[in-house]
Amino acid sequence: MRTMIIAIFGLLIGLVLGLAVDIHLPVQYSAYLSVAILAAVDTIFGGIRAMLEHKFDERIFLTGFFSNTLLAALLAFIGASLGIDLTLAAVVAFGVRIFNNLASIRHLLLFRKKIPFHNSSNSC
Amino acid sequence: MKVNTRNQSTRNIMAWTIVAVVFGAMMSIQYHDVELGGAALWSGSPDVASVQARLAAVRTYNNQLEQKMGRITKQVLQLQNQAIAQGGQTAQIERQLSAARILAGTVPLVGPGVQVTISDGKMDQVAMAQFITHDWDLRSVVNELFAAGADAVAINQARVTAATGIFCVGPVVRVGSMRLGPPFVIRAIGSSGVLRAALDLPGGPLDRLRSANRGLSVSSPYAESVVKIPAYQAPLVPQGNGGTT
């Protein structure tokens with residue numbers, strides 16, 4: 001629980017940091033950042049689920065977070081270079097995973113026991 | 001064992017905090033851009049993004065070409081200076097050629113000179129035309145400078161040559177092919193004392209601009225030891241649309 005509170009503080013710090021520091025991505029990179037954010041959301045929900053399942057490993061979580069976001073952005077970039085809208089694929093894939101994880105978290109919170117739901121573990 | 005679990009929990013907290021900070025920063029940066037309306041989202045208008053990228057690419061390419069041109073021009077000038085220094089038959093011709101180039105305005109110049117700034121007066125709905133800087137104002141100053149023996153004159157970034165027209169186009173002044181807006185910084189290379197005296201002449205161009213009660217703010221000309229004047233930045237021969245040569 002304490003971890004979550006500190007994490008929310010971290011989130012607030014990050015938000016304030018991003019708003020205070022006047023960084024602007026060039027317009028053409030904005031799509032990549034949006035896909036990266038989606039990947040980040042996916043990883044975070046995966047991490048929450050893994051914590052509830054007592055399978056959390058911070059090394060997997062951290063590496064998964066950064067590699068997922070970077071890979072998602074890279075995939076979108078390659079897609080844009082080739083003229084294929086791979087962002088769409090990322091949005092669909094991550095969307096499905098996010099909802100899976102959310103459902104799993106809900107089950108875990110409701111029944112406080114592990115219910116087989118999805119074959120992935122840490123989801124990173 | 002206790003130490004171990006404690007370690008584990010701090011590591012968890014560290015991981016979550018790092019992730020949360022990065023995630024928050026990402027979100028707020030994206031929010032900023034979307035708020036500004038500039039962000040083209042994945043489903044939005046990919047065309048805007050691609051056109052933007054293309055424009056940026058073309059701009060960079062143009063910049064590179066311009067830099068290359070500057071380098072090559074510098075090399076050419078160096079070689080010509082060498083030729084002059086070596087003397088001989090070609091030296092005289094080269095000297096004439098470089099003088100002609102200065103006249104034609106095809107080379108950037110650096111030297112001592114003067115600088116004067118003319119800014120518009122405060123606009124008024126009734127008598128707006130009175131308070132803005134007009135083409136003849138600039139022309140009179142430029143003519144005075146040339147008459148006083150200036151080697152080269154520039155208004156803002158536009159080199160004024162024999163083939164340069166100065167005329168009004170709506171609210172801006174066109175100098176050659178460039179449209180300029182106030183404040184107009186007129187720079188001239190030449191004997192700075194003479195140029196300054198010519199501009200400061202009682203009844204001279206600056207005096208007339210100041211005394212016309214038009215609210216123009218005209219700085220007093222000041223001599224500078226290093227005045228940089230760019231080369232003419234457009235084809236010297238007017239390009240018509242008709243395609244006749």
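Naming convention: chains lettered A, B, ... in sequence-line order (proteins, then strands); numbering from 1 in each chain. The analysis underlying the following values was restricted to heavy atoms, covering all of them including side chains, and did not include hydrogens, waters or symmetry mates.
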Nearest-0.5 Å distance, [atom1] of residue [X] to [atom2] of residue [Y]:
X      : Y      : atom1 : atom2 : result
Y31(B) : L15(A) : OH    : CG    : 11.0 Å
Q30(B) : I37(A) : CD    : CD1   : 4.5 Å
S34(A) : M26(B) : OG    : CE    : 9.5 Å
R11(B) : F61(A) : CZ    : CZ    : 14.5 Å

Please state whether the side chain, the backbone, both or neither of [X] comes within less than 4.5 Å of a heavy atom of chain B.
X      : answer
V41(A) : both
I8(A)  : neither
A36(A) : both
I5(A)  : neither

- If you count heavy-atom pairs under 4.5 Å with chain B, which of I13(A), L17(A), I44(A) comes out on top? I44(A)
- Task: Report the option among I18(B), V22(B), V21(B) that has the most heavy-atom pairs separated by less than 4.5 Å from atoms of chain A.
- Result: V21(B)
- Relative to chain A, which of I29(B), I13(B), T17(B) shows the most heavy atom pairs under 4.5 Å? I13(B)
- Item | Identified side chain to side chain contact (heavy atoms under 4.5 Å, CB included) partner of V19(B) from the options T69(A), L62(A), T43(A) | L62(A)
- Do other residues, nucleotides or ligands put more than 12 heavy atoms under 6.0 Å from M51(A) CE? yes
- Message: Within a 6.0 Å radius of atom CZ on F66(A), are there more than 12 heavy atoms belonging to other residues, nucleotides or ligands?
- Response: yes
- Message: Using the side-chain contact (heavy atoms from CB on, under 4.5 Å) criterion, which residues pair with L70(A)? Sequence neighbours excluded.
- Response: none
Using residues 219-228 of chain B as the side-chain source, report each donor-acceptor pair under 3.5 Å to any protein atom, sequence neighbours left out, with the distance given to one decimal.
from: S219(B); atom 1: OG; to: T117(B); atom 2: N; distance (Å): 2.9
from: Y222(B); atom 1: OH; to: Q115(B); atom 2: NE2; distance (Å): 3.4

- Message: Quick check on the 6.0 Å ring-centre criterion: do F9(A) and W16(B) meet it?
- Response: no
- Item | Which atom of G18(A) lies closest to which atom of S28(B), heavy atoms considered | CA-OG, 3.0 Å
